[in-house]
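This report concerns only the one structure given below.
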2 protein chains.
Amino acid sequence: MSDWTRDFAILDALDEASRTQLLAHSHAMQAPAGTVLFREGSPCQAYLFLLQGQIRVQKVGENGREITLYRVESGQTCIVTTACLMSGNDYDAEGVAETAIHAQALPIPAFRQLLADSASFRDFVFRAYGSRIADLLLLIEEVSFGRIDQRLAACLLQRARGQAALSTTHQELAAELGSAREVISRQLKEFERRGWIRLGRGQLQLLDAGALQQLAGK
Amino acid sequence: MSDWTRDFAILDALDEASRTQLLAHSHAMQAPAGTVLFREGSPCQAYLFLLQGQIRVQKVGENGREITLYRVESGQTCIVTTACLMSGNDYDAEGVAETAIHAQALPIPAFRQLLADSASFRDFVFRAYGSRIADLLLLIEEVSFGRIDQRLAACLLQRARGQAALSTTHQELAAELGSAREVISRQLKEFERRGWIRLGRGQLQLLDAGALQQLAGK
DNA sequence: CCGCTTCAGTGACTAGGTCACACAGTGGCG
DNA sequence: CGCCACTGTGTGACCTAGTCACTGAAGCGG
(Lines give C-alpha, C1' and ligand atoms only; values in the text may rest on other atoms or scores of the structure.)
Protein backbone atom coordinates (compact mmCIF):
# COMPACT_ATOMS: atom_id res chain seq x y z
CA MET A 1 0.00 0.00 0.00
CA SER A 2 1.44 3.38 -0.94
CA ASP A 3 2.40 6.01 1.59
CA TRP A 4 -0.57 8.38 1.51
CA THR A 5 -3.08 5.67 2.26
CA ARG A 6 -2.16 5.50 5.91
CA ASP A 7 -4.59 8.18 7.03
CA PHE A 8 -7.23 7.18 4.60
CA ALA A 9 -9.87 5.50 6.72
CA ILE A 10 -12.13 4.45 3.92
CA LEU A 11 -9.53 2.09 2.47
CA ASP A 12 -9.77 -0.14 5.51
CA ALA A 13 -13.48 -0.48 4.94
CA LEU A 14 -13.21 -1.39 1.26
CA ASP A 15 -12.70 -4.87 -0.05
CA GLU A 16 -9.50 -5.59 -1.94
CA ALA A 17 -11.01 -5.32 -5.41
CA SER A 18 -12.61 -1.94 -4.75
CA ARG A 19 -9.45 -0.65 -3.18
CA THR A 20 -7.44 -1.59 -6.21
CA GLN A 21 -10.05 0.00 -8.43
CA LEU A 22 -9.98 3.19 -6.42
CA LEU A 23 -6.22 3.47 -6.47
CA ALA A 24 -5.96 2.63 -10.15
CA HIS A 25 -8.34 5.30 -11.36
CA SER A 26 -7.69 8.24 -9.08
CA HIS A 27 -4.77 10.60 -9.28
CA ALA A 28 -2.93 12.49 -6.57
CA MET A 29 -2.96 16.25 -6.26
CA GLN A 30 -1.61 18.73 -3.77
CA ALA A 31 -1.76 22.41 -3.01
CA PRO A 32 -0.19 24.87 -0.57
CA ALA A 33 -2.07 26.55 2.27
CA GLY A 34 -4.30 29.37 1.13
CA THR A 35 -5.12 27.88 -2.25
CA VAL A 36 -8.69 28.48 -3.34
CA LEU A 37 -9.72 25.00 -4.44
CA PHE A 38 -13.10 25.98 -5.82
CA ARG A 39 -15.36 29.00 -5.72
CA GLU A 40 -18.98 29.71 -6.31
CA GLY A 41 -20.01 29.12 -9.89
CA SER A 42 -17.10 26.95 -10.94
CA PRO A 43 -17.92 23.50 -12.30
CA CYS A 44 -16.81 20.30 -10.68
CA GLN A 45 -15.03 17.43 -12.37
CA ALA A 46 -13.92 14.86 -9.84
CA TYR A 47 -14.76 13.27 -6.54
CA LEU A 48 -12.24 14.48 -3.98
CA PHE A 49 -10.78 12.69 -0.98
CA LEU A 50 -8.69 14.70 1.34
CA LEU A 51 -5.70 12.65 2.44
CA GLN A 52 -3.90 15.20 4.50
CA GLY A 53 -4.60 18.74 5.61
CA GLN A 54 -7.70 20.81 6.17
CA ILE A 55 -10.15 22.59 3.90
CA ARG A 56 -12.54 25.31 4.98
CA VAL A 57 -15.78 25.50 3.02
CA GLN A 58 -17.46 28.88 3.25
CA LYS A 59 -20.12 31.15 1.85
CA VAL A 60 -19.23 34.70 0.93
CA GLY A 61 -21.98 37.33 0.93
CA GLU A 62 -22.15 40.26 -1.47
CA ASN A 63 -21.07 42.68 1.22
CA GLY A 64 -17.95 40.61 1.79
CA ARG A 65 -19.08 38.94 4.98
CA GLU A 66 -18.17 35.27 5.25
CA ILE A 67 -19.39 32.25 7.12
CA THR A 68 -17.69 28.89 7.51
CA LEU A 69 -20.03 26.04 6.58
CA TYR A 70 -17.81 23.18 7.66
CA ARG A 71 -14.30 21.83 7.45
CA VAL A 72 -13.02 18.84 5.55
CA GLU A 73 -10.30 16.98 7.40
CA SER A 74 -7.93 14.12 6.64
CA GLY A 75 -9.76 11.04 5.43
CA GLN A 76 -12.93 12.94 4.62
CA THR A 77 -14.59 14.02 1.43
CA CYS A 78 -16.24 17.27 0.46
CA ILE A 79 -19.94 16.77 -0.02
CA VAL A 80 -20.50 20.04 -1.80
CA THR A 81 -18.19 18.68 -4.46
CA THR A 82 -20.07 15.42 -4.54
CA ALA A 83 -23.41 17.17 -4.60
CA CYS A 84 -22.39 19.26 -7.60
CA LEU A 85 -20.98 16.19 -9.25
CA MET A 86 -24.19 14.24 -9.01
CA SER A 87 -26.64 17.01 -9.73
CA GLY A 88 -24.54 18.55 -12.47
CA ASN A 89 -24.72 22.04 -10.96
CA ASP A 90 -21.83 24.35 -10.30
CA TYR A 91 -20.44 24.90 -6.85
CA ASP A 92 -22.43 27.17 -4.58
CA ALA A 93 -19.75 27.60 -1.97
CA GLU A 94 -16.04 28.29 -1.78
CA GLY A 95 -13.29 25.93 -0.62
CA VAL A 96 -9.96 27.15 0.75
CA ALA A 97 -7.00 25.07 1.89
CA GLU A 98 -6.23 26.05 5.47
CA THR A 99 -3.05 23.99 5.46
CA ALA A 100 -1.01 22.42 2.69
CA ILE A 101 -3.11 19.56 1.40
CA HIS A 102 -2.73 16.21 -0.28
CA ALA A 103 -5.80 14.91 -2.00
CA GLN A 104 -6.86 12.16 -4.33
CA ALA A 105 -9.19 12.89 -7.23
CA LEU A 106 -11.49 10.30 -8.73
CA PRO A 107 -12.96 11.26 -12.13
CA ILE A 108 -16.72 11.02 -12.49
CA PRO A 109 -16.94 7.81 -14.56
CA ALA A 110 -14.67 5.95 -12.14
CA PHE A 111 -16.67 7.36 -9.24
CA ARG A 112 -19.92 6.04 -10.67
CA GLN A 113 -18.34 2.71 -11.38
CA LEU A 114 -17.08 2.39 -7.84
CA LEU A 115 -20.48 3.37 -6.49
CA ALA A 116 -21.98 0.59 -8.53
CA ASP A 117 -19.40 -2.01 -7.52
CA SER A 118 -18.75 -1.42 -3.85
CA ALA A 119 -21.31 -1.44 -1.08
CA SER A 120 -18.76 -0.20 1.42
CA PHE A 121 -17.88 2.73 -0.83
CA ARG A 122 -21.58 3.61 -1.09
CA ASP A 123 -21.80 3.47 2.67
CA PHE A 124 -18.84 5.78 3.01
CA VAL A 125 -20.29 8.30 0.58
CA PHE A 126 -23.72 8.25 2.19
CA ARG A 127 -22.37 8.46 5.69
CA ALA A 128 -20.42 11.55 4.68
CA TYR A 129 -23.60 13.07 3.32
CA GLY A 130 -25.53 12.27 6.45
CA SER A 131 -23.12 13.83 8.87
CA ARG A 132 -22.60 16.94 6.73
CA ILE A 133 -26.30 17.54 6.42
CA ALA A 134 -26.62 17.23 10.16
CA ASP A 135 -23.84 19.85 10.46
CA LEU A 136 -25.61 22.19 8.08
CA LEU A 137 -28.91 21.88 9.92
CA LEU A 138 -27.19 22.64 13.18
CA LEU A 139 -25.56 25.66 11.60
CA ILE A 140 -28.90 26.94 10.36
CA GLU A 141 -30.31 26.57 13.84
CA GLU A 142 -27.40 28.46 15.38
CA VAL A 143 -27.44 31.24 12.83
CA SER A 144 -31.21 31.66 13.04
CA PHE A 145 -31.83 31.33 16.74
CA GLY A 146 -28.46 31.40 18.49
CA ARG A 147 -26.82 34.24 20.35
CA ILE A 148 -23.52 35.53 19.09
CA ASP A 149 -21.82 35.51 22.50
CA GLN A 150 -22.62 31.82 22.97
CA ARG A 151 -21.46 30.94 19.48
CA LEU A 152 -18.27 32.92 19.98
CA ALA A 153 -17.52 31.21 23.28
CA ALA A 154 -18.02 27.80 21.65
CA CYS A 155 -15.83 28.85 18.75
CA LEU A 156 -12.99 29.94 21.04
CA LEU A 157 -13.07 26.67 22.97
CA GLN A 158 -13.13 24.64 19.80
CA ARG A 159 -10.21 26.52 18.30
CA ALA A 160 -8.17 26.35 21.48
CA ARG A 161 -8.58 22.56 21.74
CA GLY A 162 -7.49 22.57 25.32
CA GLN A 163 -4.59 24.97 24.76
CA ALA A 164 -4.51 28.09 26.92
CA ALA A 165 -3.74 30.44 24.03
CA LEU A 166 -4.69 30.72 20.40
CA SER A 167 -3.51 32.82 17.48
CA THR A 168 -6.27 34.38 15.47
CA THR A 169 -7.60 37.77 14.52
CA HIS A 170 -11.04 39.12 15.34
CA GLN A 171 -11.72 39.19 11.61
CA GLU A 172 -11.06 35.46 11.34
CA LEU A 173 -13.44 34.72 14.18
CA ALA A 174 -16.09 36.89 12.55
CA ALA A 175 -15.66 35.02 9.25
CA GLU A 176 -15.99 31.75 11.11
CA LEU A 177 -19.31 32.75 12.64
CA GLY A 178 -20.73 34.82 9.81
CA SER A 179 -20.66 37.98 11.90
CA ALA A 180 -18.92 41.35 11.70
CA ARG A 181 -15.48 42.16 13.03
CA GLU A 182 -16.70 44.99 15.26
CA VAL A 183 -19.28 42.75 16.87
CA ILE A 184 -16.65 40.15 17.70
CA SER A 185 -14.28 42.81 19.03
CA ARG A 186 -16.96 44.09 21.40
CA GLN A 187 -17.89 40.62 22.59
CA LEU A 188 -14.26 39.72 23.20
CA LYS A 189 -13.77 42.98 25.08
CA GLU A 190 -16.70 42.02 27.27
CA PHE A 191 -15.21 38.56 27.86
CA GLU A 192 -11.95 40.23 28.87
CA ARG A 193 -13.75 42.62 31.20
CA ARG A 194 -15.24 39.59 32.94
CA GLY A 195 -11.77 38.09 33.30
CA TRP A 196 -12.46 35.12 31.04
CA ILE A 197 -9.79 35.90 28.45
CA ARG A 198 -6.86 38.24 27.84
CA LEU A 199 -6.59 39.98 24.50
CA GLY A 200 -3.46 40.60 22.47
CA ARG A 201 -2.79 41.55 18.91
CA GLY A 202 -3.40 38.50 16.73
CA GLN A 203 -3.75 36.18 19.70
CA LEU A 204 -5.66 35.64 22.91
CA GLN A 205 -5.39 33.62 26.09
CA LEU A 206 -8.15 31.68 27.76
CA LEU A 207 -8.13 32.42 31.49
CA ASP A 208 -11.42 30.83 32.47
CA ALA A 209 -12.41 28.09 30.05
CA GLY A 210 -15.09 26.95 32.47
CA ALA A 211 -16.98 30.21 32.22
CA LEU A 212 -16.83 30.07 28.43
CA GLN A 213 -18.01 26.49 28.50
CA GLN A 214 -20.96 27.44 30.61
CA LEU A 215 -21.92 30.32 28.35
CA ALA A 216 -21.53 28.19 25.22
CA GLY A 217 -23.50 25.31 26.64
CA LYS A 218 -26.51 27.29 27.68
CA MET B 1 -49.01 -0.12 -13.03
CA SER B 2 -50.96 0.76 -9.94
CA ASP B 3 -52.74 4.06 -9.44
CA TRP B 4 -50.34 5.97 -7.22
CA THR B 5 -47.45 5.59 -9.60
CA ARG B 6 -48.73 8.23 -11.99
CA ASP B 7 -47.05 11.15 -10.30
CA PHE B 8 -43.99 9.22 -9.36
CA ALA B 9 -41.30 10.51 -11.67
CA ILE B 10 -38.58 8.17 -10.57
CA LEU B 11 -40.41 5.12 -11.85
CA ASP B 12 -40.00 6.30 -15.39
CA ALA B 13 -36.29 6.47 -14.91
CA LEU B 14 -35.95 2.99 -13.46
CA ASP B 15 -35.52 -0.14 -15.49
CA GLU B 16 -38.27 -2.74 -15.30
CA ALA B 17 -36.48 -5.02 -12.83
CA SER B 18 -35.74 -2.22 -10.36
CA ARG B 19 -39.25 -0.91 -10.63
CA THR B 20 -40.68 -4.29 -9.78
CA GLN B 21 -38.24 -4.60 -6.91
CA LEU B 22 -39.20 -1.18 -5.60
CA LEU B 23 -42.92 -1.87 -5.77
CA ALA B 24 -42.58 -5.29 -4.24
CA HIS B 25 -40.70 -4.25 -1.14
CA SER B 26 -42.22 -0.91 -0.23
CA HIS B 27 -45.54 -0.36 1.45
CA ALA B 28 -48.03 2.48 1.11
CA MET B 29 -48.84 4.89 3.91
CA GLN B 30 -50.95 7.98 4.21
CA ALA B 31 -51.69 10.72 6.70
CA PRO B 32 -54.02 13.71 7.00
CA ALA B 33 -52.86 17.32 6.83
CA GLY B 34 -51.18 18.51 9.98
CA THR B 35 -49.67 15.17 10.92
CA VAL B 36 -46.21 15.41 12.45
CA LEU B 37 -44.36 12.77 10.46
CA PHE B 38 -41.14 12.97 12.43
CA ARG B 39 -39.60 15.26 14.99
CA GLU B 40 -36.18 16.00 16.31
CA GLY B 41 -34.64 13.05 18.09
CA SER B 42 -36.89 10.35 16.71
CA PRO B 43 -35.19 7.48 14.89
CA CYS B 44 -35.74 6.68 11.24
CA GLN B 45 -36.67 3.32 9.80
CA ALA B 46 -37.50 3.61 6.13
CA TYR B 47 -36.71 5.50 2.97
CA LEU B 48 -39.70 7.66 2.12
CA PHE B 49 -41.05 8.70 -1.25
CA LEU B 50 -43.79 11.24 -1.28
CA LEU B 51 -46.37 10.29 -3.89
CA GLN B 52 -48.89 12.99 -3.29
CA GLY B 53 -49.12 16.03 -1.07
CA GLN B 54 -46.59 18.32 0.53
CA ILE B 55 -44.34 18.08 3.58
CA ARG B 56 -42.72 21.01 5.33
CA VAL B 57 -39.40 20.27 7.01
CA GLN B 58 -38.52 22.76 9.71
CA LYS B 59 -36.29 23.54 12.64
CA VAL B 60 -37.84 24.66 15.91
CA GLY B 61 -35.76 26.75 18.30
CA GLU B 62 -35.97 26.58 22.08
CA ASN B 63 -37.84 29.87 22.25
CA GLY B 64 -40.47 28.44 19.91
CA ARG B 65 -39.36 30.25 16.79
CA GLU B 66 -39.47 28.16 13.63
CA ILE B 67 -37.81 28.17 10.25
CA THR B 68 -38.78 26.18 7.18
CA LEU B 69 -35.79 24.33 5.75
CA TYR B 70 -37.43 23.05 2.58
CA ARG B 71 -40.53 21.35 1.27
CA VAL B 72 -40.93 17.85 -0.08
CA GLU B 73 -43.38 17.66 -2.96
CA SER B 74 -44.98 14.91 -5.02
CA GLY B 75 -42.40 12.60 -6.55
CA GLN B 76 -39.64 13.73 -4.22
CA THR B 77 -37.92 12.19 -1.26
CA CYS B 78 -36.91 13.63 2.08
CA ILE B 79 -33.15 13.75 2.38
CA VAL B 80 -33.12 14.35 6.09
CA THR B 81 -34.78 10.98 6.38
CA THR B 82 -32.24 9.45 4.06
CA ALA B 83 -29.37 11.13 5.82
CA CYS B 84 -30.49 9.72 9.16
CA LEU B 85 -31.00 6.37 7.57
CA MET B 86 -27.49 6.11 6.25
CA SER B 87 -25.63 7.68 9.12
CA GLY B 88 -27.68 5.95 11.79
CA ASN B 89 -28.43 9.17 13.64
CA ASP B 90 -31.81 10.39 14.78
CA TYR B 91 -33.65 13.14 12.99
CA ASP B 92 -32.48 16.64 13.63
CA ALA B 93 -35.46 18.38 12.12
CA GLU B 94 -39.23 18.14 12.14
CA GLY B 95 -41.53 17.10 9.29
CA VAL B 96 -45.16 18.16 9.06
CA ALA B 97 -47.71 17.24 6.41
CA GLU B 98 -49.06 20.46 4.95
CA THR B 99 -51.70 18.58 2.99
CA ALA B 100 -53.05 15.06 3.20
CA ILE B 101 -50.25 12.85 1.93
CA HIS B 102 -49.71 9.52 0.26
CA ALA B 103 -46.26 8.08 0.58
CA GLN B 104 -44.38 4.89 -0.07
CA ALA B 105 -41.96 3.52 2.50
CA LEU B 106 -39.00 1.34 1.59
CA PRO B 107 -37.40 -0.46 4.55
CA ILE B 108 -33.67 -0.07 4.97
CA PRO B 109 -32.54 -3.50 3.69
CA ALA B 110 -34.61 -3.14 0.53
CA PHE B 111 -33.29 0.39 0.11
CA ARG B 112 -29.70 -0.80 0.26
CA GLN B 113 -30.45 -3.61 -2.12
CA LEU B 114 -31.99 -1.25 -4.64
CA LEU B 115 -29.05 1.10 -4.32
CA ALA B 116 -26.76 -1.79 -5.15
CA ASP B 117 -28.84 -3.03 -8.07
CA SER B 118 -30.02 0.07 -9.87
CA ALA B 119 -27.82 2.80 -11.31
CA SER B 120 -30.83 4.93 -12.07
CA PHE B 121 -32.05 4.65 -8.49
CA ARG B 122 -28.63 5.75 -7.24
CA ASP B 123 -28.79 8.70 -9.60
CA PHE B 124 -32.20 9.64 -8.27
CA VAL B 125 -31.05 9.47 -4.67
CA PHE B 126 -27.89 11.44 -5.31
CA ARG B 127 -29.61 14.04 -7.40
CA ALA B 128 -32.07 14.61 -4.56
CA TYR B 129 -29.16 15.09 -2.18
CA GLY B 130 -27.47 17.49 -4.50
CA SER B 131 -30.40 19.79 -4.97
CA ARG B 132 -31.33 19.78 -1.28
CA ILE B 133 -27.84 20.66 -0.22
CA ALA B 134 -27.90 23.52 -2.69
CA ASP B 135 -31.18 24.63 -1.10
CA LEU B 136 -29.71 24.49 2.38
CA LEU B 137 -26.64 26.47 1.38
CA LEU B 138 -28.84 29.11 -0.18
CA LEU B 139 -30.90 29.24 2.99
CA ILE B 140 -27.79 29.72 5.10
CA GLU B 141 -26.73 32.55 2.86
CA GLU B 142 -30.13 34.23 3.11
CA VAL B 143 -30.41 33.82 6.84
CA SER B 144 -26.87 35.05 7.46
CA PHE B 145 -26.61 37.90 5.02
CA GLY B 146 -30.08 38.58 3.65
CA ARG B 147 -32.49 41.34 4.56
CA ILE B 148 -35.84 40.39 6.02
CA ASP B 149 -37.86 42.69 3.74
CA GLN B 150 -36.35 41.09 0.64
CA ARG B 151 -36.89 37.59 1.95
CA LEU B 152 -40.47 38.44 2.87
CA ALA B 153 -41.20 39.88 -0.57
CA ALA B 154 -39.81 36.74 -2.20
CA CYS B 155 -41.83 34.59 0.16
CA LEU B 156 -45.06 36.40 -0.69
CA LEU B 157 -44.49 36.04 -4.41
CA GLN B 158 -43.65 32.40 -4.09
CA ARG B 159 -46.72 31.66 -2.00
CA ALA B 160 -49.02 33.62 -4.29
CA ARG B 161 -47.82 31.75 -7.37
CA GLY B 162 -49.31 34.33 -9.67
CA GLN B 163 -52.57 34.63 -7.73
CA ALA B 164 -53.55 38.11 -6.60
CA ALA B 165 -54.48 37.03 -3.08
CA LEU B 166 -53.21 34.55 -0.56
CA SER B 167 -54.51 33.22 2.73
CA THR B 168 -51.95 33.14 5.47
CA THR B 169 -51.28 34.64 8.87
CA HIS B 170 -48.33 36.80 9.80
CA GLN B 171 -47.29 34.07 12.19
CA GLU B 172 -47.07 31.55 9.35
CA LEU B 173 -44.92 33.86 7.29
CA ALA B 174 -42.64 34.42 10.27
CA ALA B 175 -42.29 30.64 10.76
CA GLU B 176 -41.46 30.29 7.08
CA LEU B 177 -38.62 32.79 7.30
CA GLY B 178 -37.38 32.06 10.80
CA SER B 179 -38.35 35.52 12.00
CA ALA B 180 -40.75 36.92 14.60
CA ARG B 181 -44.42 37.72 14.05
CA GLU B 182 -44.07 41.37 15.08
CA VAL B 183 -41.27 41.92 12.60
CA ILE B 184 -43.35 40.48 9.77
CA SER B 185 -46.38 42.54 10.81
CA ARG B 186 -44.34 45.72 10.67
CA GLN B 187 -42.80 44.86 7.30
CA LEU B 188 -46.20 44.03 5.83
CA LYS B 189 -47.57 47.29 7.21
CA GLU B 190 -44.77 49.09 5.43
CA PHE B 191 -45.55 47.22 2.19
CA GLU B 192 -49.17 48.29 2.55
CA ARG B 193 -48.18 51.88 3.20
CA ARG B 194 -46.29 51.82 -0.08
CA GLY B 195 -49.37 50.48 -1.84
CA TRP B 196 -47.80 47.13 -2.72
CA ILE B 197 -50.29 44.97 -0.82
CA ARG B 198 -53.57 45.20 1.05
CA LEU B 199 -53.84 43.53 4.44
CA GLY B 200 -56.80 41.60 5.82
CA ARG B 201 -57.28 39.24 8.69
CA GLY B 202 -55.77 35.90 7.68
CA GLN B 203 -55.24 36.95 4.08
CA LEU B 204 -53.61 39.56 1.90
CA GLN B 205 -53.80 40.84 -1.65
CA LEU B 206 -50.89 41.65 -3.90
CA LEU B 207 -51.49 44.98 -5.59
CA ASP B 208 -48.05 45.54 -7.09
CA ALA B 209 -46.23 42.27 -7.66
CA GLY B 210 -43.64 44.10 -9.75
CA ALA B 211 -42.49 46.20 -6.84
CA LEU B 212 -42.19 43.11 -4.66
CA GLN B 213 -40.28 41.35 -7.38
CA GLN B 214 -37.86 44.20 -7.63
CA LEU B 215 -37.29 44.30 -3.88
CA ALA B 216 -36.87 40.52 -3.69
CA GLY B 217 -34.48 40.40 -6.62
CA LYS B 218 -32.07 42.99 -5.38
C1' DC C 1 13.66 55.93 12.44
C1' DC C 2 9.96 56.41 9.03
C1' DG C 3 6.11 55.01 6.67
C1' DC C 4 3.03 51.36 5.38
C1' DT C 5 -0.01 47.77 6.50
C1' DT C 6 -2.67 45.13 9.50
C1' DC C 7 -5.34 44.80 13.58
C1' DA C 8 -8.21 46.59 17.16
C1' DG C 9 -11.31 50.16 19.58
C1' DT C 10 -15.21 53.27 19.52
C1' DG C 11 -19.42 56.20 18.86
C1' DA C 12 -23.54 56.86 16.25
C1' DC C 13 -26.86 54.84 13.79
C1' DT C 14 -29.97 51.13 11.58
C1' DA C 15 -32.21 46.56 11.35
C1' DG C 16 -34.21 43.06 13.54
C1' DG C 17 -35.90 40.41 17.68
C1' DT C 18 -38.28 40.47 22.41
C1' DC C 19 -41.71 41.73 25.71
C1' DA C 20 -45.94 43.38 27.25
C1' DC C 21 -50.11 44.70 26.26
C1' DA C 22 -54.23 46.61 23.65
C1' DC C 23 -57.68 45.67 20.63
C1' DA C 24 -60.36 43.88 16.74
C1' DG C 25 -62.53 40.06 14.01
C1' DT C 26 -64.84 35.50 14.37
C1' DG C 27 -67.36 31.78 15.78
C1' DG C 28 -69.84 29.19 19.34
C1' DC C 29 -73.48 29.07 22.47
C1' DG C 30 -77.00 30.22 25.76
C1' DC D 1 -79.23 38.68 19.82
C1' DG D 2 -75.53 39.43 23.14
C1' DC D 3 -71.79 37.38 25.62
C1' DC D 4 -67.41 35.25 25.57
C1' DA D 5 -63.26 32.89 24.34
C1' DC D 6 -59.89 32.55 20.94
C1' DT D 7 -57.08 33.92 17.36
C1' DG D 8 -54.87 37.39 14.67
C1' DT D 9 -52.99 42.02 14.43
C1' DG D 10 -51.02 46.70 15.99
C1' DT D 11 -47.79 49.18 18.76
C1' DG D 12 -44.36 51.24 21.96
C1' DA D 13 -40.27 50.40 24.61
C1' DC D 14 -36.32 48.09 24.83
C1' DC D 15 -32.35 45.01 23.60
C1' DT D 16 -29.04 42.65 20.48
C1' DA D 17 -26.55 42.56 16.32
C1' DG D 18 -24.72 44.65 12.15
C1' DT D 19 -23.05 48.94 9.61
C1' DC D 20 -20.41 53.06 8.88
C1' DA D 21 -16.86 56.14 9.64
C1' DC D 22 -13.14 57.05 11.85
C1' DT D 23 -9.04 56.75 15.29
C1' DG D 24 -5.08 54.86 16.89
C1' DA D 25 -1.80 51.17 18.13
C1' DA D 26 1.40 47.25 16.80
C1' DG D 27 4.45 45.19 13.76
C1' DC D 28 7.55 45.19 9.80
C1' DG D 29 10.48 46.39 5.85
C1' DG D 30 13.51 49.65 4.02
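In what follows, every chain begins at residue 1, and chains take the letters A, B, ... in the order their sequences are listed. Nothing here was measured: the structure is a model prediction, and the numbers come from that model.
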Classify the side-chain pair Ser26(B)/Gln104(B) by whether it contains a donor and acceptor separated by less than 3.5 Å. yes
Using only side-chain N and O atoms of Gln187(A), determine if any of them is under 4.0 Å from OP1 or OP2 of dT16(D). no
Glu142(B) CD to dA15(C) P, in whole Å, measures 19 Å
What is the nucleic acid contact for Glu172(A), judged by heavy atoms within less than 4.0 Å: base, sugar-phosphate only, or nothing? nothing
Atom CZ of Arg194(B) with >12 non-hydrogen neighbours under 6.0 angstrom: yes
Base, sugar-phosphate alone, or nothing: which one does Arg186(B) contact when heavy atoms must sit under 4.0 Å apart? base
Pair Thr168(B)-Arg159(B), side-chain donor/acceptor within less than 3.5 Å: yes
Does Arg56(B) form a side-chain hydrogen bond (donor to acceptor under 3.5 Å, both in side chains) with Gln58(B)? I'd like the steps, not just the answer. CA-CA 6 Å; Arg56(B) 176 165 36 93; Gln58(B) 62 186 4; 2.5 Å; yes
Using atom CD of Glu182(B) as one end and atom P of dC21(C) as the other, report the distance to the nearest whole Å. 14 Å
Between Ser179(A) and dG18(D), does any side-chain N or O lie under 4.0 Å from OP1 or OP2? yes
Which part of the nucleic acid, if any, lies within contact of Arg147(B), taking any heavy atom under 4.0 Å across all strands shown: a base, the sugar-phosphate backbone alone, or nothing? sugar-phosphate
Quickly work out the Phe145(B) CZ to dG18(D) C1' distance and round it to whole Å. 12 Å
Could you check whether the side chain of Arg201(B) and the base of dT7(D) have a donor-acceptor pair of N or O atoms closer than 3.5 Å, going by distance alone? yes
Just call it for Gln203(A): base, sugar-phosphate, or nothing, with non-hydrogen atoms closer than 4.0 Å on any strand. nothing
Heavy atoms under 4.0 Å, any strand shown: does Arg181(A) hit a base, just sugar-phosphate, or nothing? base
Please report, rounded to the nearest Å, how far the C1' atom of dT9(D) is from the CD atom of Glu192(B). 11 Å
Measure the distance from CD on Glu190(B) to P on dT14(C) and round it to the nearest whole Å. 15 Å
Whole-Å distance separating the NE2 atom of His170(A) from the P atom of dT6(C): 17 Å
Determine whether the aromatic ring centres of residues Phe126(A) and Phe126(B) are separated by less than 6.0 angstrom. yes
Does Lys189(A) have a side-chain nitrogen or oxygen under 4.0 Å from the phosphate oxygens OP1 or OP2 of dA8(C)? no
Closest to the Arg65(A) side chain: dT9(D), dG18(D), dG9(C)? dG18(D)
Taking atom C1' of dA8(C) as reference, at what distance in whole Å does atom CD1 of Ile197(A) sit? 13 Å
Whole-Å distance between dG16(C) C1' and Asp149(B) CG? 11 Å
Nearest-nucleotide comparison on DNA chain C, the residue closer to the 5′ end among Thr168(A) and Val183(B): Thr168(A)
